[in-house]
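I have placed the structure first, in the form of structure tokens, so that the comments after it can refer back to it.
Below, each value reflects all heavy atoms present in this structure, side chains not excepted, and no hydrogens, waters or symmetry copies. Chain identifiers are assigned alphabetically (A, B, ...) following the order of the sequence lines, protein sequences preceding nucleic acid strands; residue numbering begins at 1 within each chain.
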There are 4 protein chains.
Amino acid sequence: MNAATSGSSSHEAEGSAIATAEVATSPGRGRPRDATRDAALRNAALEVLAEVGYRALTMDAVAAHARAGKATIYRRWESKLELVIDTCTQLVQRNIPEPDHGSIERDLGEFLSAFATFLSGPIGKAAQALVGELPHEPELAAAFRESFLLPQRDMLRRLIDRGIERGEIRDAAPVDTVVELAGAALIHRLMLTGEPLDQRFVDRLLYDALLPLLR
Amino acid sequence: MNAATSGSSSHEAEGSAIATAEVATSPGRGRPRDATRDAALRNAALEVLAEVGYRALTMDAVAAHARAGKATIYRRWESKLELVIDTCTQLVQRNIPEPDHGSIERDLGEFLSAFATFLSGPIGKAAQALVGELPHEPELAAAFRESFLLPQRDMLRRLIDRGIERGEIRDAAPVDTVVELAGAALIHRLMLTGEPLDQRFVDRLLYDALLPLLR
Amino acid sequence: MNAATSGSSSHEAEGSAIATAEVATSPGRGRPRDATRDAALRNAALEVLAEVGYRALTMDAVAAHARAGKATIYRRWESKLELVIDTCTQLVQRNIPEPDHGSIERDLGEFLSAFATFLSGPIGKAAQALVGELPHEPELAAAFRESFLLPQRDMLRRLIDRGIERGEIRDAAPVDTVVELAGAALIHRLMLTGEPLDQRFVDRLLYDALLPLLR
Amino acid sequence: MNAATSGSSSHEAEGSAIATAEVATSPGRGRPRDATRDAALRNAALEVLAEVGYRALTMDAVAAHARAGKATIYRRWESKLELVIDTCTQLVQRNIPEPDHGSIERDLGEFLSAFATFLSGPIGKAAQALVGELPHEPELAAAFRESFLLPQRDMLRRLIDRGIERGEIRDAAPVDTVVELAGAALIHRLMLTGEPLDQRFVDRLLYDALLPLLR
DNA sequence: CGATAATCGAGACGGTACGTCGAGTCTTTAG
DNA sequence: CTAAAGACTCGACGTACCGTCTCGATTATCG
């Protein structure tokens with residue numbers, strides 16, 4: 001679906017349900033795709049998305065923002081949906097550094113703060129905009145989970161695993177459930193209640209629920 | 001905004017940001033509204049919503065489904081959004097009976113099961129469809145929270161309060177956090193991961209996280 | 001193709017290859033077509049046509065000129081071509097009064113002058129714009145000939161027939177050829193050479209060619 | 001505008017409004033233009049023109065037909081219009097041999113037949129396609145008249161002039177009018193009525209109108 | 001009872017965005 | 001410098017949907 005993406009990150013292409021190959025006739029003839037347009041378009045999409053939301057985002061607006069023709073967009077993405085999800089997943093990669101300070105309390109607190117900050121930005125808004133489409137767009141759902149939910153969940157699990165190795169976690173701790181609850185609590189606040197993802201909330205979540213369940 | 005709704009439930013009209021008054025000119029002149037059309041339209045809206053989702057839901061489709069004219073819809077709701085939220089909130093009322101068996105374990109378990117079942121139905125799908133619109137539609141957000149989030153949260157809190165009165169809950173239990181986590185876990189599964197809201201999940205949530213945090 | 005046309009002039013619908021029935025669900029339900037929009041659109045089309053020519057005429061421009069939506073145009077005509085030909089044929093009707101002064105010289109002269117004036121206006125420009133499409137649009141060709149060429153040819157023939165009855169025309173006069181040459185000369189000037197269709201030209205055509213061939 | 005054309009026919013370049021100089025930088029550096037591409041492109045243009053008409057003719061189609069890139073076309077002609085007119089005017093040259101048999105009747109008849117045959121071919125179709133553009137493209141109009149109308153008119157006039165010298169033409173004959181009518185009659189049939197340019201028509205034109213007016 | 005007024009289904013209305021396609025330009029690799 | 005290939009910007013195409021308005025036909029209350 002996106003030649004630029006699949007071309008630039010070969011090791012991820014297999015894992016992603018979105019960045020299917022089907023294109024990237026790069027060694028062929030003709031003028032190659034202008035890589036700067038990819039970035040410009042994704043950037044424009046993110047700007048428009050942050051300004052007006054998913055539904056009010058129009059392809060014309062994105063094109064105008066990037067001083068591009070609509071055809072240049074449709075050459076890369078088949079629909080508004082794909083443009084948006086690719087734009088987001090692209091930005092999700094490596095935005096939250098994995099903490100490792102030898103303490104589950106500190107690692108977990110740092111991760112939650114970082115993730116909360118991350119979610120409070122444009123990506124969070126974009127993700128929210130996509131939720132309503134998930135049930136009717138299986139490919140989007142797969143990509144969304146793979147690049148939005150899984151990395152965060154896996155990082156969280158690694159944090160806890162290191163705590164287990166250090167003996168900080170009690171034996172019967174419901175690790176899976178804690179991992180699920182951590183993400184759920186943040187996202188629920190962000191998307192449903194609309195309350196702020198501030199440090200108070202993070203602390204309460206950490207010290208009232210997650211840590212007590214773990215140790 | 002909705003004559004039918006505000007007319008039939010006068011005590012809720014004040015509390016709701018949606019069901020504003022302006023209406024129910026029933027004893028006026030002219031042909032009175034056909035009450036059967038209200039139900040038919042809401043029904044049609046729900047069908048279409050379940051079939052194609054919020055974005056692909058068109059007013060023409062709803063009208064056609066209900067064999068009604070579009071004006072008949074717009075006479076009752078000001079927009080597609082209002083139609084959908086009213087349709088949903090209407091159905092939310094009194095769909096989950098409040099359990100009271102003298103045991104926090106049993107009450108909580110029953111509530112979670114009932115809520116999970118409820119969410120797995122069309123209302124859950126509809127709610128998911130609305131999430132993406134919340135940030136850009138303050139009225140919708142208010143109505144959504146009031147009729148979707150609050151009732152469930154309040155019921156949950158009452159359950160726990162009764163447990164406190166019975167001495168089942170320990171003193172320092174993080175009640176607010178538990179209430180928030182319960183809802184968050186269910187909704188996160190429903191809308192984000194797409195995994196089933198089955199009894200196994202409910203049990204795990206209950207016995208691994210909620211109850212341990214409470215007692 | 002055009003409900004308004006075929007509905008309003010039933011006796012012409014059969015003769016015309018363009019104004020096919022297929023629509024005119026007039027006695028049906030729903031809001032009837034606004035007849036004033038027909039005129040406004042045709043008027044706008046003619047204005048735009050005169051300004052920029054056929055190729056540069058865009059449906060958006062016509063719609064904007066008439067303060068109408070594009071759908072309102074496409075509801076009446078299936079394409080730009082149909083809009084233009086219907087606009088023109090509509091205006092051709094009864095634009096040249098048939099002279100009858102009891103003299104072939106005077107009748108013919110008056111007719112040629114009137115036709116020359118008529119062709120020099122917007123209809124002439126529009127007709128020229130359509131010529132290039134005729135070979136690839138059989139329906140257009142039929143309509144064009146029927147409403148543009150035939151009326152003029154028939155009127156010319158009636159003029160001459162009256163002259164024959166009055167004994168002004170010699171027996172062996174090549175009436176068909178004269179009729180053909182009269183139209184051809186005017187149209188050739190208009191569309192091919194671009195020279196003006198002035199009185200000098202009309203007189204020369206009349207006294208140097210047409211009358212000598214007839215009497 | 002067209003290097004190839006102006007290079008190959010230097011004596012006509014001055015007279016033509018189209019074949020401007022700028023030209024055949026042949027002794028320059030780099031790879032020389034492939035002369036076979038000129039013919040291939042003109043040929044492709046003519047084919048496409050005959051198939052689908054001027055409006056539906058696309059540069060991509062011409063390029064594909066000639067297995068050429070679009071740049072190869074635009075290097076030679078500045079626009080679609082120029083390509084078409086150059087293609088046509090190129091083919092007009094020397095397609096009608098000038099008859100000279102010492103008899104106005106025979107010369108005129110032969111010329112009319114040859115011209116009718118010529119018009120019935122692809123050039124006639126192409127010419128028709130251009131008519132609608134003439135009012136809005138002055139350069140095209142000039143080129144069209146110069147290479148399409150004038151040569152035929154001049155040849156016709158020379159024919160008649162020779163007849164005058166031979167004493168075949170009466171003194172007061174309206175030569176200009178006859179010349180104009182001859183061309184107009186053929187073109188009118190070709191482009192407007194669509195009737196065939198057959199020998200019957202040519203004979204009728206010749207013996208019923210042109211010759212009687214001349215002698 | 002008749003007049004008045006609001007309802008109903010149906011669908012036309014002005015707008016706006018869609019996704020496609022064509023014109024003419026630019027940029028690559030290959031010669 | 002030219003060739004083929006094809007990406008680029010721009011803008012028109014014809015379609016679909018939104019929310020409004022207008023039609024003929026009901027269906028109630030009011031005078």
Side-chain angles (χ1 to χ4, degrees), chain A residues 3 25-34 37 55-61 63-64 66-76 78-80, chain B residues 25-34 36-37 55-61 63-64 66-75 77-80, chain C residues 3 25-34 36-37 55-61 63-64 66-76 78-80, chain D residues 25-26 28-34 37 55-61 63-64 66-75 77-81:
Chain A
T25 31
S26 17
R29 318 236 280 197
R31 176 176 176 174
R33 297 261 173 90
D34 184 346
R37 307 319 289 142
R55 277 197 42 236
L57 175 148
T58 70
M59 296 305 246
D60 294 83
R67 292 207 123 270
K70 275 196 289 180
T72 303
I73 302 180
Y74 284 104
R75 221 173 276 125
R76 290 164 164 77
E78 288 195 344
S79 68
K80 171 170 147 178
Chain B
T25 30
S26 15
R29 318 237 285 201
R31 175 175 175 176
R33 296 254 174 96
D34 183 347
T36 68
R37 307 319 289 144
R55 276 197 44 238
L57 174 147
T58 71
M59 295 306 250
D60 294 83
R67 297 203 123 275
K70 274 197 293 179
T72 305
I73 302 179
Y74 282 104
R75 221 171 275 126
W77 300 278
E78 287 197 342
S79 69
K80 169 170 149 177
Chain C
T25 30
S26 18
R29 319 235 278 200
R31 176 175 176 176
R33 298 260 173 90
D34 184 347
T36 68
R37 307 319 290 141
R55 276 200 41 240
L57 175 147
T58 71
M59 296 305 245
D60 293 84
R67 295 205 122 273
K70 275 197 290 179
T72 303
I73 302 179
Y74 283 105
R75 221 172 276 125
R76 291 164 165 75
E78 287 195 344
S79 68
K80 173 169 143 177
Chain D
T25 29
S26 15
R29 318 232 286 204
R31 174 174 174 176
R33 289 236 182 117
D34 183 347
R37 306 321 288 144
R55 275 196 44 238
L57 173 147
T58 70
M59 296 305 251
D60 294 84
R67 296 202 124 275
K70 275 198 292 179
T72 305
I73 302 179
Y74 282 103
R75 220 172 277 125
W77 300 277
E78 287 197 343
S79 70
K80 169 172 151 176
L81 211 52

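- Mapping B:Leu57 and D:Gly69 onto DNA chain F by nearest heavy atom places D:Gly69 at the nucleotide closer to the 5' end.
- Shown here are the side-chain contact (heavy atoms from CB on, under 4.5 Å) partners of A:Ala61, two or more places apart in sequence or in another chain: A:Val48, A:Thr58.
- Taking side-chain N and O atoms only, C:Lys70 has no distance below 4.0 Å to OP1 or OP2 of F:dT15.
- In this model, the phosphate group of F:dC17 is not approached by any side-chain N or O of B:Thr58 to a distance below 4.0 Å at OP1 or OP2.
- Using a 4.0 Å cut-off, no side-chain N or O of D:Arg55 falls inside it from OP1 or OP2 of E:dG22.
- Applying the 4.0 Å criterion to OP1 and OP2 of F:dA7, one finds that A:Arg76 has every side-chain N and O outside that range.
- For the residue pair D:Gly69 and D:Ala63, the shortest heavy atom distance occurs at C-CB, 4.2 Å.
- Summary of the strand contacts: C:Ala71 and A:Ala71 both lie near DNA chain F, and taking for each the nucleotide with the nearest heavy atom, the more 5' one is attributed to A:Ala71.
- The phosphate of E:dG9 (OP1 or OP2) has a side-chain N or O of B:Thr72 nearer than 4.0 angstrom.
- If you measure from atom NZ of C:Lys80 to atom P of F:dG14, you get 8 Å, rounded to the nearest angstrom.
- Candidate nucleotides F:dG19, F:dT9, F:dG14 were compared by shortest atom distance to the side chain of B:Ser79, and F:dG19 ranks first.
- If you take CZ of C:Arg75 and P of E:dA10, they are 17 Å apart, rounded to a whole angstrom.
- Take D:Lys80 and apply the side-chain contact (heavy atoms from CB on, under 4.5 Å) test, not counting sequence neighbours, and it matches D:Tyr54, D:Leu57, D:Met59.
- What separates CG of C:Asp34 from P of E:dA10 is a distance of 22 Å, to the nearest Å.
- Remark: P of E:dT20 and CD1 of A:Ile73 are 12 Å apart, rounded to the nearest angstrom.
- Across the helix from E:dC1-F:dG31 to E:dG31-F:dC1, the helix axis at one end is tilted relative to the axis at the other end by 20° (nearest 10 degrees, each axis from five pairs).
- Listed nucleotides E:dT7, E:dC13, E:dT28 differ in distance to C:Arg31; the shortest reach to its side chain belongs to E:dC13.
- Here the closest heavy-atom approach between residue B:Arg37 and residue B:Ala66 is recorded as NH2-O, 2.6 Å.
- With the nearest nucleotide of DNA chain E identified for both B:Ala66 and D:Leu81, B:Ala66 has the one nearer the 5' end.
- Put simply, the side chain of C:Arg33 never gets that close to the backbone of C:Thr72: no donor and acceptor are under 3.5 Å apart.
- For C:Tyr74, taking side-chain heavy atoms from C-beta onward, the closest of the listed nucleotides F:dC23, F:dC13, E:dG11 is F:dC13.
- Regarding contacts with the backbone of E:dA10, a side-chain N or O of B:Arg67 is found under 4.0 angstrom from either OP1 or OP2.
- Ranking E:dA23, E:dA10, E:dC8 by closeness to the D:Asp60 side chain, first place goes to E:dA23.
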